[in-house]
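Convention: sequence-line order gives letters A, B, ...; per-chain numbering from 1. As the structure is a prediction and not an experimental result, all values here were calculated from the model.
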Amino acid sequence: MRRRNRWLKTLFWGSVLGVFLALVLVFSGVAVGALEQREGRPVPQPVPFSHAFHAGGLGLSCRYCHSAVEYAPYAGLPPTETCMTCHLYVKPDSPNLALVRESWEKGELLRWNRVVNLPDFVYFHHAPHVAKGVGCAECHGRVDQMPVVYQPKAFTMKFCLDCHRNPAPRLRPREQVFNMAYVPDPELGRELLQLYHVRPPEELTSCNTCHR
Amino acid sequence: MGWPAFIPVTFEITILTITVGIFLYLLYLNGLPLAAHPAVLAPRYREALVDRPALFVYATDPRFDPEATRDLLRALGAEVEEVRRA
Amino acid sequence: MPERHPDHDLIQGEWTERSLVEKLLEPVEKPPPRPWKVVAAVGFVLTLAWLYAIFVTFTKGLGTWGINQPVLWGFDIVHFVWWIGIGHAGTLISAILVLMRQNWRDSLNRITEAMTLFAVLCAATYPLIHMGRAQHFYWILPYPTHMALWPQYKSPLSWDVLAIFTYLTISTLFLYLGLIPDLALLRERSQGWRKKLYGWLSLGWTGSALHWRRYRAAYVLLAGLATPVVISVHSVVSMDFAYGVVPGWHLTLFPPFFAAGAIYSGFAMALTLLIPLRKWYRLEGVITERHLDWMGKVTLASGLGVAYTYLLEIFIAWYSAEPAEWAQQLWRMTGPYAPYYWAMMLINVVLLQTLWFPRFRRNVAWLFVFSILANVGMWLERFVIVVISLSHDFLPGNFHLYSPTWVDWTLFLGTLGFFLFGLAVLIRLFPPSPWRRCCTSTTSLGSTREAPCCTGTWPTLTRRRSF
């Protein structure tokens, strides 16, 4: 009888405590994003193209391939022609490039797999970010060190808002936008905020900035 | 100056926590929940639940003396039964 | 020689404590009467229909409802307010009447608390499915999310969520706390799965006098806390409307108006349930005609509050000199929905006056008929407020009538069915009226009424620990 009573009490008060802890966990915010599935998983691609080698090693600028990034909403992916400027001469027989050559000969586009993809109800534009000094690395991470591109931090709304609420510490001079290794300086950032006329947080966080 | 808008929610949450707290505290004070209690094994316990007075004396009391207690209760005109833990 | 029941002045007939217990446990221990089976069966079928309508709403979307632009709130919100209002009688009886030392509540509180529970459950489903994506309902709670968003706490709609959640929790606790002694007795009297069920639910209640003392203190405290909640819940519901600028909604009088309406409709529904129930289970001795008379008085008092507001609304619409308000008033009285408006006036203002007269109030048949009419009247009132106001706002080009679809109707009938089915199951499992009467109400507040359970002669367990 005592054992059963002790067992029941442990069960009861244990579950009361459990519910309480669960509430603390949820409302303290420590668990935000714990269920996020989208981070850090490299996305397999048909061609073993490596940013670590091309952008990091060879030192190609992002704009060489993502040429629209400064002007357009979409950075865009390079056409096969861009690859062939080099690969007509470099490693022309490599089996790893077979698909690239096939695409070149047939005039068909290469089909890459998407790494980042915002839901359709979110509006995004690369140009204002580049123009106001937000580096690629702020959002995409150290792509120049990724053999296979992955998304280091999921593009949740919190991710976007954390910066839109206070962009200053994460701004950099425009010329450093494509410099993946640059570490932003909060002091300078505050000056840049003035210099680039970055709009106030009220505007950047109003819902219709991103949900139009 | 938006604070008045937070009064209703603060109020509701206060009441909610206090009520749940009172309920749990009541259980705690009463040593509940119990899976079993020897009192239930007493004959005519069911009547004691409804309209009969009944007095249980615990043997766990260090100064408990079965004989003296029985005599005292008998002298007061009670039926005395011993309930053993099953 | 068994003594007379301590409550003999409130119940009718020669009862002893024990014979009353036998009587009150009958609904649980004896096979149910035929009407029970009919009610349970009808309720069950309607509940299935309800689930189907919810399924349709989820899979096909809100387009299956009759809501349109500008009548964005249709039957769903009408019924939400209607049900929430009905729930109020239970808490009123269990809480406010405790504080007011109205001992007669003891015969009624169990069944009305159960009524509250199911009414609030029914009510809560409507906003939930109206969200469209009900799987995300918890987004309305203020917890840190991956969206870095907080609910707008300047909106009564988000207060509503917490108000109703609190209300649901408190009413459930109240019902449960009241049930615990009953469950302990049932545990000792039943076999098989019932014994298991009651055993678990009774939490090992022993009936010790010491436990009873704390129990009564807790009960009164809960009553004290539940009282402001009852009032606040319907006030908050009323602000869902009063905060809006829609003509016909924008009225500071709304909170007391809604609270009065809630009590009125709740007592009406309680009468609708209690009158057949006492007949089917032969509980006339416990739920006496005097009880019904008292309930009639409360219905009258709260109904007068409602009637007063109806008349004042007309005055304010004119006095405010706001063309849209006055146009709305005329639209109610002469527009295509005028029959609804006048039917509401007929019931809630004119027929209500019959309750002034003891001859009507003590006539059980009339009380029953009137209680159903009052339910209809309050339904009409919600229809007038929600649908008629919305259908006629500021822009004439925007005016639009509302017609519910079969999904709307099924959702309504479905909640009615669920309500009946839930109550039927509850009555079958738990006694519809608590057998340990005096202990939950006033005696603990120091009333002079003598009652054995309250003077501490119950099984006395001298020490708390060691088991």
Student: Got a donor-acceptor contact below 3.5 angstrom from the C/Asp160 side chain to the C/Ser158 backbone?
Tutor: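 Side chain of C/Asp160 to backbone of C/Ser158: no pair is present.
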
Student: Are the side chain of A/Thr80 and the backbone N or O of A/Val100 linked by a donor-acceptor pair below 3.5 Å?
Tutor: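 No; judged by distance alone, with no hydrogens or angles, the pair does not exist.
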
Student: Which of the residues C/Ala148, C/Pro142, C/Gly204 is involved in the greatest number of heavy-atom pairs with chain A at under 4.5 angstrom?
Tutor: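 Of the candidates given, the most pairs with chain A belong to C/Ala148.
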
Student: Any side-chain donor-acceptor pair under 3.5 Å between C/Thr91 and C/Ser171?
Tutor: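 The criterion, which ignores hydrogens and geometry beyond distance, is not satisfied for C/Ser171 and C/Thr91.
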
Student: What part of A/Arg6 gets within 4.5 angstrom of chain C, counting heavy atoms only: side chain, backbone, both, or neither?
Tutor: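 No part of A/Arg6 comes within 4.5 Å of chain C.
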
Student: Can you tell me which portion of A/Ser28 sits under 4.5 Å from chain C's heavy atoms? Options are side chain, backbone, both or neither.
Tutor: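 Just its backbone gets close to chain C.
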
Student: Would you say C/Ser155 and C/Tyr243 are linked by a side-chain donor-acceptor pair, where the criterion is simply a distance under 3.5 Å?
Tutor: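 C/Tyr243 vs C/Ser155: no donor-acceptor pair found between side chains.
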
Student: Looking at A/Ala154, A/Cys160, A/Gly29, which one has more heavy-atom pairs under 4.5 Å with chain C than the rest?
Tutor: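 Option with the greatest count: A/Gly29.
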
